[in-house]
Chemist: 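The structure's right below; bear with me while I get my questions together.
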Amino acid sequence: MAANCDVCAKGPSFGNNISHSHRRTSRRWNPNIQRVRAVVNGTPKRLNPCTGSELREDP
């Protein structure tokens, strides 16, 4: 599954890990994707929003 938000289209960011000796290795920061059932236009759907989106499920 791709690490992309269905609501805001946020995707992974890329950068480097930097060790104490300053060696650099590639890494990526993924958005916090949570699978949610939501009602869209009267029908329930499964969406993959990030937690920064305003789509939250009621407890």
Chemist: Mind checking side chain to side chain contact (heavy atoms under 4.5 Å, CB included) for V40 and listing every partner two or more places apart, or none if nothing turns up?
Modeler: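 In terms of side chain to side chain contact (heavy atoms under 4.5 Å, CB included), with neighbours along the sequence ignored, V40 is linked to K45, L47.
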Chemist: Sequence neighbours excluded, which residues qualify as side chain to side chain contact (heavy atoms under 4.5 Å, CB included) partners of H20?
Modeler: none
Chemist: For S13, give me all partners under side-chain hydrogen bond (donor to acceptor under 3.5 Å, both in side chains), at least two apart in sequence or on another chain.
Modeler: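 Expected list: none.
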Chemist: Please identify each residue that fulfils side-chain hydrogen bond (donor to acceptor under 3.5 Å, both in side chains) with N4, with sequence neighbours left out.
Modeler: none
Chemist: Is it the case that the side chain of N32 and the backbone of T51 share a donor-acceptor pair, with hydrogens and angles ignored and the cut-off at 3.5 Å?
Modeler: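 Not at all, since once roles are kept as given, no pair shorter than 3.5 Å links the two residues.
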Chemist: So do the side chains of P49 and I33 get within less than 4.5 Å of each other, counting heavy atoms only?
Modeler: no
Chemist: Decide yes or no for C8 and S53: does some side-chain heavy atom of the first lie under 4.5 Å from some side-chain heavy atom of the second?
Modeler: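 Counting from C-beta outward, C8 and S53 do come under 4.5 Å.
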Chemist: Taking side chain to side chain contact (heavy atoms under 4.5 Å, CB included) as the test, write out the residues that go with S19, two or more places apart.
Modeler: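 Only S21, R23 meet the side chain to side chain contact (heavy atoms under 4.5 Å, CB included) criterion with S19.
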Chemist: Would you please name every residue forming a side chain to side chain contact (heavy atoms under 4.5 Å, CB included) with R46, sequence neighbours left out?
Modeler: R35, R37
Chemist: Minimum heavy-atom separation for W29 and F14, please, with both atom names.
Modeler: CZ3-C, 3.9 Å
Chemist: Show the nearest heavy-atom pair for residues R27 and N16, with the distance to one decimal.
Modeler: CG-C, 3.9 Å
